[in-house]
Amino acid sequence: MATHLNSFDAIYQVVQLIPQGKVTSYGAIAAYLGMKGGARMVGWAMNASHTLENVPAHRVVNRNGILTGKNFFGGNRMQELLEEEGIQVKEDKIVGFQQHFWDPSIEL
DNA sequence: GGTATGACAATGA
DNA sequence: GTCATTGCCATAC
């Protein structure tokens with residue numbers, strides 16, 4: 001149902017819908033939007049959403065559970081945010097990633 | 001309108 | 001199991 005929204009808006013919506021303490025992967029969002037191979041584009045949208053404060057991009061990590069965009073948050077800002085939500089982060093990687101994984105294609 | 005880039009993902013060796 | 005290469009979509013120049 002994201003066909004009416006632009007790719008960026010659609011991604012923003014999904015990211016904002018991520019529950020606190022949960023994380024998802026770029027591919028999951030892309031797949032939910034129908035852009036299975038457009039995972040890179042999701043990261044691109046995140047870059048644009050970085051200017052916004054309503055988009056918890058810190059809950060979006062790659063399929064490996066690594067905080068790829070941590071560098072874009074300005075240091076360990078991303079890791080601290082995740083830890084505050086109850087997510088353990090070790091070496092820029094989420095501990096029990098599958099445990100905190102939130103798939104929009106299933107939850108939504 | 002074509003080329004280059006991007007916070008990825010999947011496959012092959 | 002890890003490393004390297006290719007593919008995908010959309011945006012930016």
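The sequence lines fix the lettering, A, B, ..., with proteins before strands; numbering per chain opens at 1. What you see is a predicted model, and the numbers here were worked out from it, not measured in a lab.
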Rounded to the nearest angstrom, tell me the gap between atom [atom1] in [X] and atom [atom2] in [N].
{"X": "A/Phe97", "N": "B/dC8", "atom1": "CZ", "atom2": "C1'", "result": "12 Å"}
{"X": "A/Trp44", "N": "B/dA9", "atom1": "CH2", "atom2": "P", "result": "17 Å"}
{"X": "A/Asp103", "N": "B/dA9", "atom1": "CG", "atom2": "C1'", "result": "14 Å"}
{"X": "A/Asn47", "N": "C/dC9", "atom1": "CG", "atom2": "C1'", "result": "16 Å"}
{"X": "A/Asp92", "N": "B/dC8", "atom1": "CG", "atom2": "P", "result": "13 Å"}
{"X": "A/Tyr26", "N": "C/dA10", "atom1": "OH", "atom2": "P", "result": "19 Å"}
{"X": "A/Ile66", "N": "C/dT2", "atom1": "CD1", "atom2": "P", "result": "11 Å"}
{"X": "A/Tyr32", "N": "B/dA9", "atom1": "OH", "atom2": "C1'", "result": "20 Å"}

Task: Donor-acceptor under 3.5 Å (A/Asn76 side chain, A/Gln79 main chain) - done: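 Pair absent, no side-chain N/O of A/Asn76 close to backbone of A/Gln79.
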From C-beta outward on [X], which listed nucleotide comes closest to its side chain: [options]?
{"X": "A/His50", "options": "B/dA9, C/dA10, B/dA7", "result": "B/dA7"}
{"X": "A/Met78", "options": "B/dA7, C/dA10, B/dA9", "result": "B/dA7"}
{"X": "A/Asn62", "options": "C/dC9, B/dA7, B/dC8", "result": "B/dC8"}
{"X": "A/Thr68", "options": "B/dA9, C/dA10, B/dA7", "result": "B/dA7"}
{"X": "A/Phe73", "options": "C/dA12, B/dA9, B/dA7", "result": "B/dA7"}

Task: Salt bridge flag under 4.0 Å for residues A/Glu85 and A/Arg59 - done: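 Result for this pair is yes, salt bridge flagged.
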Look at the side-chain heavy atoms of Ile, Leu, Val, Met, Phe, Trp and Tyr, link any pair under 4.5 Å apart, and say whether [X] and [Y] land in one connected group.
{"X": "A/Leu17", "Y": "A/Leu82", "answer": "no"}
{"X": "A/Val15", "Y": "A/Leu52", "answer": "yes"}
{"X": "A/Val61", "Y": "A/Met46", "answer": "no"}

Task: Partners meeting side chain to side chain donor-acceptor pair (under 3.5 Å) with A/Thr68 (sequence neighbours left out) - done: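 Residues passing side chain to side chain donor-acceptor pair (under 3.5 Å) with A/Thr68: A/Tyr26.
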Open item on the list: Please classify the nucleic acid contact of A/Ala57 as base, sugar-phosphate, or nothing, using heavy-atom distances under 4.0 Å.
Closed with: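 Base, at least one base atom sits under 4.0 Å.
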TODO: For B/dA10, take OP1 and OP2 only and decide whether either is under 4.0 Å from a side-chain N or O of A/Arg63.
DONE: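 Looking at the OP1 and OP2 atoms of B/dA10, one of them is under 4.0 Å from a side-chain N or O of A/Arg63.
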- [ ] Report the residue (A/Gly38 or A/Gly27) whose heavy-atom-nearest nucleotide on DNA chain B is the more 5′ of the two.
- [x]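 Taking each residue's closest nucleotide, the earlier one in sequence belongs to A/Gly38.
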Open item on the list: Counting Watson-Crick and G-U wobble pairs with both distances under 3.5 Å, what is the dot-bracket string for DNA chain C, 5' to 3', using [ ] for crossing pairs and | for pairs to another strand?
Closed with: .||||||.|||||
Task: Residue pair A/Ile29 / A/Thr24, side-chain heavy-atom distance below 4.5 Å - done: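 A/Ile29 vs A/Thr24: side chains touch.
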